[in-house]
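A quick write-up on the structure given underneath.
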Amino acid sequence: MEITFNNRDPVYLQVVRYFKEQIAIGNLTAGQEISSRRELAGLLKINPNTAQKAYKEMEEQGLITTERNFPSRITTDEKILNSVREELILEAVSSFIASVRPINVPLEELIKMVSEKYSQPEE
Amino acid sequence: MIEVKNLTKKYGRRRVLENVSFTAEKGQITCLIGINGVGKTTTLKAIMGLTPYKSGTILIDDEPLTKTSYEKITFIPDAAIMPPSMTIRDAFEFMKDFYGSWNSARAEELLAFFKLKEEFRIAELSKGNIAKINLLMGLAIDVDYLLMDEPFSGIDIFSREQIADVFTSHLIEDRGVIITTHEINDIEHLIDKVILLDNGSVLKEFYTEEMRSEHGKSVIDVMREVYRA
Amino acid sequence: MNRFIKLLNFEINRFSKIYAALLAIIIVLQFIGVIVESNSYVQGADRMMMENRWTQEELIKNNGKAGFTLIMDSFWFAGPIAIAAAALIFYIFLIWYREWYGKNTFIYRLLMLPVSRYSIYFAKASAIFLMVLGLVGIQILLLPLENELFEAIVPADFRDVLAVKDLIHSNIITSTLIPATFTQFVLHYLAGLMAVFTLFTAILMERSYRLKGILLGIVYCAAVLAFFISPLIIPAVLDMGDFFYPVEFLVLEIILGLIASACSIVIGQKLLNKKVSV
């Protein structure tokens, strides 16, 4: 597991986002067991309390579920899992739009460029 | 909790610490940051009863330091503290003789974790290995609080990683850790709390995650603001 | 095992190699001395008898008989004792300073032991005291052996036979180390202990106040010395002659020694507990 954290956003939110990405691309699937807080702290080299906070946040958002004395698992709630994917896509699209809007490109031209670029293999 | 209240210390006429107050909680990693010579090490020594101070109160879990506190709190300086002629095994024997809480099993576990051998002689250890042995001995006494002076400076990167690994592993459990450093870069994500010291005074005390959430600032951002002010 | 005993054991172990070397120096040099001095006496006697055409009786009449004191008064005997004494006096300082200086700062560990700092202090003092007693004990054991060797080399007709006890009392060094009476024995070793405690306090003053502490330490040592020898000085200055009976003098000295020791211990403890800095 490799994440490059930035130092200005809360680390626990960056961890949550990392999990969302993993869910969205299917690396983490419904009901899958995930590492303990301590293991995660070790893997990501972050403070164990921060890892704990990230898990708490994910529990609150319904991304993971934890039963007493058992390892946490990714939720099996399809609605939440699907919304994660949507959320990430929407977020990316919004930030793309925010950066492109000041240039005043006509929508058609923009869509054409996006579809061309998107179908090219990544460099 | 370690509570430092209005700690003041002088060397002759020079004030080394002036009204230093802060707290360090159990289960958290608190970091004393400041450029060299601002009184970080002296503060740790004062907490441990290793240097006298003029005034102020220091409480460890609501009690002043006594000889039995040394089973609960330990200080790890950035140099070897066992006699050079000892092997690691001798050093373990010595510790076992004096500390009721010495945990041999944990000492062995850590020795393996750090890939060190009992027959190594203290005199032959590199600076990185000395830091590891010092940390090992602190953890094997089973203390509640570990005070470490510059655990990450002047040692090789692999030793640094191993020591950082201890901080994130089960080995640290819910101990309270205070470390001093003049370089925050590598450990920004390891620490809970920052105490910024300058000229023997506390300039700022904050939790790193709170600082990021509420102000969008990294530790270095805060240091820049404070020291340039 | 009690933690004080463990500390004491640790202190003695740390000095054991140098201590063993000191013992070796004493044993080797003194035995060489016995051989060299005895032979040179025998050769000297032979030569004188030859040169002067003396008989044995004439030689003894003119030169007197040889005694083992001949050897005890030589450098071979006193030299190694002086070396050992110097080493131990040096070690009174080293036993503290080695904790601070050198690559490894053991004083951190020592002061962070969950034991009373009294134990640390007394372990060091006791280690030195025991090492002194050990050397004296070895010397007592060596004397009869050296005497045997002397008797083996010098023919019986040429020598006086003295009991070991008398040999001890005939020499200034050995009679100081092993005095004739119990009271004197107490006084000598008490004075020794007092000196150790006083130096310890001076060292701890330096460790607490650095440069100022050195001055303080010197003044303190001088004050203790003046206090201890005041029963000698005051009557002399006031021209009172032998003011005290010898027994009174001894008892008085013992009391002063006890007071000075107690004072040094209390100050030393205060410094070690509150003032000393790593």
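Quick note on labels: first sequence line is chain A, next is B, and so on, each numbered from 1.
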- Item | Check: B/Gly27 main-chain N/O paired with A/Asn49 side-chain donor or acceptor under 3.5 Å | yes
- Message: Within the supplied structure, the quantity of interest is the number of heavy atoms (other residues, nucleotides, ligands) at a distance under 6.0 Å from A/Glu60 CD; does it exceed 12?
- Response: yes
- Max heavy-atom pairs within cutoff under 4.5 Å with chain B, candidates A/Val11, A/Ile46, A/Leu13, goes to A/Val11
- Applying a strict 4.5 Å limit to non-hydrogen atoms, the region of B/Ser213 in contact with chain A is both
- Hey, could you give me the CZ/CG distance between A/Arg8 and B/Asp221, rounded to the nearest 0.5 Å? 4.0 Å
- Query: Within a radius of less than 6.0 Å around CD of B/Glu124, do more than 12 heavy atoms belonging to other residues, nucleotides or ligands occur?
  - Reply: yes
- Task: Please confirm whether the backbone N or O of A/Asn7 pairs with a side-chain atom of B/Arg212, one donor and one acceptor, at under 3.5 Å?
- Result: yes
- Query: Where on B/Ile191 is there a heavy atom nearer than 4.5 Å to chain A: the side chain, the backbone, both, or neither?
  - Reply: backbone
- Query: Is it true that atom CD1 of A/Ile25 has more than 12 heavy atoms of other residues, nucleotides or ligands lying nearer than 6.0 Å?
  - Reply: yes
- Just wondering, are more than 12 heavy atoms of other shown residues or ligands nearer than 6.0 Å to CG in A/Asp77? yes
- Take atom NZ of B/Lys204 as the centre, draw a 6.0 Å sphere, and report whether it contains more than 12 heavy atoms from other residues, nucleotides or ligands. no
- Query: Taking atom NZ of A/Lys56 as the centre, does the number of heavy atoms from other residues, nucleotides or ligands within less than 6.0 Å exceed 12?
  - Reply: no
- B/Ile172 versus chain A, heavy atoms under 4.5 Å apart: side chain, backbone, both or neither? side chain
- Message: Would you say that more than 12 heavy atoms from the other residues, nucleotides or ligands in this model lie under 6.0 Å from the CZ of B/Arg160, or not?
- Response: yes
- Query: For the residue pair A/Asn6 and B/His189, what are the closest heavy atoms and their distance?
  - Reply: O-NE2, 4.0 Å
- Task: Answer yes or no: does atom CG of A/Asn27 have more than 12 heavy-atom neighbours from other residues, nucleotides or ligands under 6.0 Å?
- Result: yes
- Against chain A, work out which of B/Thr208, B/Asp165, B/Asp192 has the most heavy-atom pairs shorter than 4.5 Å and name it. B/Asp192
- Note on the structure: So, the part of B/Gln28 with a heavy atom under 4.5 Å from chain A: the answer is both
- Item | Closest heavy-atom pair and its distance - A/Asn47, B/Ile29 | ND2-CD1, 4.0 Å
- Query: Tell me, do A/Arg38 and B/Thr168 make a side-chain contact under 4.5 Å, heavy atoms counted?
  - Reply: no
- Item | Non-hydrogen side-chain atoms of A/Pro48 and B/Phe167 separated by less than 4.5 Å | no
- Item | B/Glu209 (side chain) donor-acceptor with A/Thr50 (main chain) under 3.5 angstrom | no
